[in-house]
Amino acid sequence: MSRIMVTGAAGFIGYHLARRLQKRGDAELLLVDNFSRGANDELYQELRRLPRVKAFDCDLCDPADVARLPDDVDTIYHEAALNGTQNFYERPYEVLRSGTLPTFYLLDKYARSGRMQRFVYAGTPESYASTVTKFNWPVPTDENVPLCIDDVFNERWSYAAAKIHGEVLVINACRQFGVPFSIIRYHNVFGPRMGDKHIVPDFLIRLRNDVAELHGHGDTRAFLYIDDAVEATILTGEHSATAGQVVNIGGSQELTMLELGRRMMQLAGRDPDSIVLHPSPAGSVKRRLPSTEKLKRLTGFQAQWSLDEGLLEAIRFYAPELLTDVAAAA
Ligand SMILES: NC(=O)c1ccc[n+]([C@@H]2O[C@H](COP(=O)([O-])OP(=O)(O)OC[C@H]3O[C@@H](n4cnc5c(N)ncnc54)[C@H](O)[C@@H]3O)[C@@H](O)[C@H]2O)c1
């Protein structure tokens with residue numbers, strides 16, 4: 001039986017990924033988190049009690065904690081990071097620290113021996129946001145886009161800088177040690193248990209109190225439901241064609257935040273024209289849409305969830321009382 005480690009397993013993607021891998025039943029799972037952002041909640045407690053699962057409450061920035069982790073691992077999905085826009089501005093040092101040190105320590109411990117089958121690293125479109133905004137790089141954006149930050153004095157880019165560093169680090173360490181790697185750039189994954197800071201839960205939670213407000217309503221994104229993101233992650237982590245590759249994972253339907261808000265209002269049986277609109281927060285990225293051609297070509301991935309189906313699941317989790325009888329039955 002192989003051994004798979006998921007770091008950031010108490011977080012959003014890590015949790016759902018670990019659940020899916022556990023269900024498959026063909027590997028022992030090592031879950032790692034320090035709960036700096038993810039929750040040690042009932043769902044995580046349930047997951048860690050399941051067969052073939054071992055959970056480690058471990059700060060990956062602490063070398064002594066990392067030393068206590070089991071020695072042999074076949075695959076690592078390195079999802080741990082301190083993200084969240086507020087953190088980029090208020091805690092840039094911690095963002096840089098947890099965006100760099102864990103990757104070094106994990107590579108030192110597990111990749112140096114050359115025995116690992118795959119190191120999968122979670123990157124981000126923030127790493128190329130400046131290239132699109134400042135240098136007019138084409139949208140939809142593919143994986144060949146140069147990575148850059150346009151202002152080293154702007155703390156917003158602490159996260160992007162750490163993730164750019166992470167990509168370069170993983171590529172060079174894994175090549176040097178002879179370990180296959182894959183880098184995933186996730187784009188706007190959404191679904192249940194994603195915290196309350198992202199646009200979907202934030203909008204739904206406020207809608208429970210009859211507040212319908214949107215900031216940056218003209219900005220565009222493409223959303224991917226978590227189950228599809230997990231499927232794409234596992235395909236990328238296991239397919240031979242994705243070894244040594246950077247792969248975008250994201251949706252392909254570009255829509256404005258207003259269109260997204262209107263969809264949520266309609267599903268919740270509210271008047272879509274009643275949303276109060278505010279301008280974009282300073283420094284927000286106006287347009288983001290990944291090219292997902294490479295993911296499809298290399299792995300055969302096809303999304304299974306429509307936007308509405310995914311939003312309904314999010315409403316069921318965050319604000320079930322908003323669902324009309326018709327929508328609830330769908
Ligand atoms: N969700 C998205 O759409 C998206 C988009 C782009 C990139 N990503 C990247 O994908 C990965 C997963 O994203 P997510 O949305 O699940 O994030 P998340 O914040 O929900 O989960 C990250 C987890 O890492 C843990 N963590 C942070 N520092 C740690 C440390 N030092 N030691 C141990 N655990 C630590 C946190 O407690 C948290 O549970 C992250 O690396 C993120 O940067 C996600």
Side-chain angles (χ1 to χ4, degrees), residues 5-19 30-41 43-44 47-48 55-66 68-69 76-88 91 93-106 120-129 141 147 158-167 170 182-201 221-226 228-230 232-233 236-237 246-251 285 288 290 310 314:
M5 176 181 284
V6 178
T7 74
F12 172 46
I13 296 175
Y15 167 79
H16 289 280
L17 173 63
R19 266 219 94 98
L30 309 182
L31 313 185
V32 178
D33 210 294
N34 69 346
F35 312 112
S36 56
R37 207 171 131 82
N40 193 8
D41 59 8
L43 286 171
Y44 189 64
L47 170 63
R48 56 195 291 168
F56 298 86
D57 303 350
C58 158
D59 180 1
L60 289 166
C61 289
D62 180 345
D65 267 14
V66 176
R68 281 193 284 274
L69 293 173
I76 296 182
Y77 290 91
H78 182 28
E79 304 283 345
L82 187 58
N83 55 15
T85 315
Q86 207 177 339
N87 287 322
F88 309 166
R91 305 170 64 201
Y93 178 72
E94 284 75 20
V95 167
L96 280 155
R97 212 168 170 270
S98 56
T100 52
L101 294 182
T103 318
F104 273 114
Y105 295 147
L106 289 168
V120 182
Y121 179 74
T124 171
E126 286 283 311
S127 302
Y128 66 71
T141 309
L147 307 185
S158 51
Y159 172 70
K163 289 287 191 180
I164 293 172
H165 175 273
E167 291 200 17
V170 168
S182 301
I183 292 170
I184 287 170
R185 294 193 192 132
Y186 290 112
H187 292 67
N188 296 94
V189 180
F190 77 101
R193 202 183 174 281
M194 69 181 304
D196 55 10
K197 298 281 189 289
H198 302 256
I199 179 160
V200 171
R221 298 287 184 272
F223 291 86
L224 186 71
Y225 186 62
I226 181 67
D228 280 333
V230 164
T233 300
T236 304
V246 178
V247 180
N248 284 340
I249 289 183
V285 176
R288 175 174 291 158

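Nothing here was measured: the structure is a model prediction, and the numbers come from that model. Start at 1 and go down the list; that is how both ligands and their atoms are numbered. Values below: all heavy atoms of this structure, side chains included; hydrogens, waters and symmetry mates excluded.
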Would you check whether [X] has a nitrogen or oxygen atom less than 3.5 angstrom from a nitrogen or oxygen atom of ligand 1?
{"X": "Leu60", "answer": "yes"}
{"X": "Asn34", "answer": "yes"}
{"X": "Asp33", "answer": "yes"}
{"X": "Glu79", "answer": "yes"}
{"X": "Ile13", "answer": "yes"}
{"X": "Asp59", "answer": "yes"}

Per-atom contacts, ligand 1 versus [X] - under 4.0 Å to a heavy atom:
{"X": "Ser36", "result": "26 (N), 27 (C), 28 (N), 36 (C), 37 (O)"}
{"X": "Ala10", "result": "39 (O)"}
{"X": "Ala80", "result": "24 (O), 26 (N), 34 (N), 35 (C)"}
{"X": "Phe35", "result": "37 (O)"}
{"X": "Val189", "result": "3 (O)"}
{"X": "Asn188", "result": "3 (O)"}

What protein heavy atom lies closest to [atom]? Include the residue and the distance to one decimal.
{"atom": "atom 4 (C) of ligand 1", "result": "Tyr186 CB, 3.7 Å"}
{"atom": "atom 22 (C) of ligand 1", "result": "Ala81 O, 3.6 Å"}
{"atom": "atom 7 (C) of ligand 1", "result": "Gly123 O, 3.2 Å"}
{"atom": "atom 19 (O) of ligand 1", "result": "Arg37 NE, 2.7 Å"}
{"atom": "atom 43 (O) of ligand 1", "result": "Tyr159 OH, 2.5 Å"}
{"atom": "atom 23 (C) of ligand 1", "result": "Gly8 CA, 3.5 Å"}
{"atom": "atom 42 (C) of ligand 1", "result": "Asn83 ND2, 3.2 Å"}
{"atom": "atom 38 (C) of ligand 1", "result": "Gly38 N, 3.3 Å"}

Heavy atom of [X], distance to ligand 1 below 4.0 Å:
{"X": "Arg97", "value": "no"}
{"X": "Cys61", "value": "yes"}
{"X": "Gly99", "value": "no"}

Next item on the list: Could you tell me which non-hydrogen atom of Ser36 sits nearest to which non-hydrogen atom of Leu82, and how far apart they are?
Entry: OG-CD1, 4.4 Å

Notebook entry, point to check: Between atom CG of Asn83 and atom CZ of Phe12, what is the distance when rounded to the nearest 0.5 Å?
Noted result: 11.0 Å

Checklist line | Ring centre gap for Phe223 and His198 strictly below 6.0 Å | finding: no

Margin query: Are Tyr44 and Phe35, when compared by the centres of their aromatic rings, separated by less than 6.0 Å?
Written below: yes

Does only the side chain of [X] get under 4.0 Å from ligand 1, or the backbone, or both, or neither? Count heavy atoms.
{"X": "Val32", "answer": "neither"}
{"X": "Met194", "answer": "neither"}
{"X": "Cys58", "answer": "backbone"}

Margin query: Has His16 got a side-chain atom pairing as donor or acceptor with Arg193's backbone, closer than 3.5 angstrom?
Written below: no

Next item on the list: Taking the side chain as every heavy atom from C-beta outward, state whether His78 and Pro102 have any pair of such atoms under 4.5 Å apart.
Entry: yes

Note to self: Do Glu79 and Tyr121 pair up side chain to side chain, a donor and an acceptor below 3.5 Å, judged on atom types alone?
What the structure shows: no

Next item on the list: Report the relative orientation of the aromatic rings in Phe190 and Tyr225; use parallel for angles under 30°, tilted for 30 to 60°, perpendicular for over 60°.
Entry: perpendicular

Next item on the list: For side-chain contact (heavy atoms from CB on, under 4.5 Å), just list the numbers for Leu31 and Met5, CA-CA rounded to whole Å, side-chain angles, deciding distance to a tenth of an Å, and then say yes or no.
Entry: CA-CA 6 Å; Leu31 313 185; Met5 176 181 284; over 6 Å; no

Note to self: Pair Arg185, Glu126 - check salt bridge (charged side-chain N to carboxylate O under 4.0 Å, His left out), show working.
What the structure shows: CA-CA 9 Å; Arg185 294 193 192 132; Glu126 286 283 311; over 6 Å; no

